Amino acid sequence: MMPGMNLRDVTEQLEQIAPTRHAESWDNVGLLVGDPAQDVTKAILCIDYTPAVAEEAKAGGCDLVIAYHPPIFKPLTRVTGSGASSLIYDAIRRGVAIYSPHTALDVADGGTNDVLADMLGLVDRRPLKLAETKAKLLKLVTFVPHERLDQVSRALFAAGAGWIGNYSHCSFRTEGTGTFRGEAGSHPVVGEAGKLETTRETKLEVVAPLDRIDTVIAALRASHPYEEPAFELVQLVAPPEGVGIGRIGRFESAVSRGHLLAQIKQAIGIDHLLVAGPTEGHANTAAVCAGSCGGELLDRAIDDKVDVYLTGEMRHHDALKAARAGVTVVCTLHSHSERVTLATLAATLRQRLPGIAFELSATDRDPFSIR
């Protein structure tokens, strides 16, 4: 085995496996603790970063924890060696990095919900709900005197505007007429203050990355001849990428509900399930949604007339609603529906990053047990 790799290499692979742009807007995903430049030799995967997992990671010499649930979710007001932030304090003190994929992995192809769908044998599957689209581009619209158009457009391009895919210097230009009147204290480049002016202008439109927009606006102001250049920013909506939360599909052939319940218990490695709705008869379709979002997507599953709905947990009244609709709801307890994906994620990471040892936590478990 190679002597480890850079943490940045690991996070880049995790980003490819589960792009964080697809995570729910309320979530806190990605690298939560650590220096991207630090070395990593051994990682442990878990659902929850608990004191038991922290001790296990320490005993095993792990310098990276991949915790499905983000251990930093709400803003921390202090990080100390005691209290709620003690695990984070200890990780920072020992140089242990923490990365959380959470809902980004739920959405990802081959991620949490695909693992559940594979477990059931679903085919012709699709997301129950498409992921939120987060555009990273703005459109800048400005108005430039014709004779200064090249000067302004070159400045915008140099600042990072005008890229569309592999094409640079992209813009759209429309000829028109601008009007203005400089009031007291103004110093117009064209015409005179206090007089209504008409001038030939070009409407210039370019796209700009959201994280470069300050630089692009500064370039516009510096290159534009007007004392107060007029411009507007338009928020662009990203096109749907076809990915989303949950999965819905069909069985290749009808399967008995009793057989399906036994199959779920065996695949997840648990002895009991919470089941609402019919337990007899055969099922032709099913939906899955890992974790606690099952109730949020239940109406979609009912509208699509699924026979079985596999999730982590569901509220009492949502379970009653599903049962009334003839849907068999199967709840595994929250983290049991998520933990099965860790082995798949570890295998993928081992293949992509052979210089790092990836291990599954032996102490990570759901906080509830059925006695």
Side-chain angles (χ1 to χ4, degrees), residues 6 8-9 11-12 15-16 18-31 36-37 104 107 130-244:
N6 192 274
R8 184 177 288 105
D9 297 327
T11 58
E12 286 176 356
E15 178 68 29
Q16 290 181 26
T20 52
R21 69 180 184 276
H22 292 153
E24 294 290 312
S25 59
W26 48 261
D27 206 357
N28 187 32
V29 296
L31 183 63
V107 167
L130 290 177
E132 300 173 6
T133 56
K134 303 182 182 73
K136 296 186 177 181
L137 291 176
L138 296 173
K139 181 169 72 171
L140 170 68
V141 182
T142 189
F143 307 89
V144 189
H146 182 71
E147 64 274 12
R148 306 294 284 273
L149 181 61
D150 286 343
Q151 171 184 311
V152 174
S153 60
R154 283 197 302 269
L156 296 179
F157 296 148
W163 277 91
I164 300 178
N166 292 324
Y167 293 85
S168 65
H169 296 72
C170 300
S171 68
F172 191 79
R173 307 171 183 202
T174 310
E175 298 296 326
T177 301
T179 66
F180 62 90
R181 187 172 84 170
E183 301 297 341
S186 65
H187 303 281
V189 174
V190 177
E192 302 175 14
K195 181 181 177 182
L196 180 63
E197 299 288 351
T198 301
T199 185
R200 181 187 176 197
E201 292 180 332
T202 300
K203 180 181 180 181
L204 176 64
E205 301 177 68
V206 293
V207 294
L210 187 60
D211 59 2
R212 296 282 298 170
I213 198 61
D214 288 345
T215 302
V216 171
I217 291 175
L220 170 66
R221 294 187 183 280
S223 63
H224 202 290
Y226 289 175
E227 185 179 23
E228 293 290 346
F231 68 91
E232 60 186 62
L233 297 173
V234 180
Q235 177 71 58
L236 301 179
V237 177
E241 297 186 54
V243 298

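If you're wondering where the values come from, they're calculated on a predicted model, not measured in any experiment.
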Revision key, fill the gap. Looking only at heavy atoms, the pair that brings Ala155 and Ala219 closest together is O-CB, 3.7 Å
Study note, to complete from the structure: OG1 of Thr142 to CZ of Arg221, rounded to nearest 0.5 Å, is 9.5 Å
Point to revise | Derivation and outcome, side chain to side chain contact (heavy atoms under 4.5 Å, CB included), residues Val207 and Cys170 | key: CA-CA 8 Å; Val207 294; Cys170 300; 5.8 Å; no
Point to revise | Straight-line distance of Arg148 CZ to Glu201 CD, nearest 0.5 Å | key: 12.5 Å
**Study point:** Audit row: Tyr226, Thr199, side chain to side chain contact (heavy atoms under 4.5 Å, CB included) steps and yes/no
**Key:** CA-CA 12 Å; Tyr226 289 175; Thr199 185; 3.5 Å; yes
Review point. Could you give the distance from CG (Leu138) to CD1 (Ile213), rounded to the nearest 0.5 Å?
Key: 5.0 Å
Review point. So, for Leu31 and Pro36, which heavy atoms are closest and what is the spacing to 0.1 Å?
Key: CD2-CG, 4.1 Å
Revision key, fill the gap. Between the NE2 atom in His169 and the CZ atom in Arg154, the distance rounded to the nearest 0.5 Å is 9.5 Å
Study note, to complete from the structure: When every non-hydrogen atom of His224 is compared with those of Pro229, the smallest separation belongs to CG-CB, 3.5 Å
Practice item. Locate the shortest heavy-atom distance separating Asn6 from Ala37; write the atom from each residue and the value. Key: ND2-O, 3.1 Å
Revision key, fill the gap. Note: Val206 and Ser171 closest approach over all heavy atoms is CG1-CB, 3.6 Å
Point to revise | Separation of Leu140 CG from Ile217 CD1 (nearest 0.5 Å) | key: 7.0 Å
Revision key, fill the gap. Between the NZ atom in Lys203 and the CD atom in Glu175, the distance rounded to the nearest 0.5 Å is 12.5 Å
Study note, to complete from the structure: In terms of heavy-atom contacts, Asp150 and Arg173 come closest through OD1-NH1, 3.9 Å
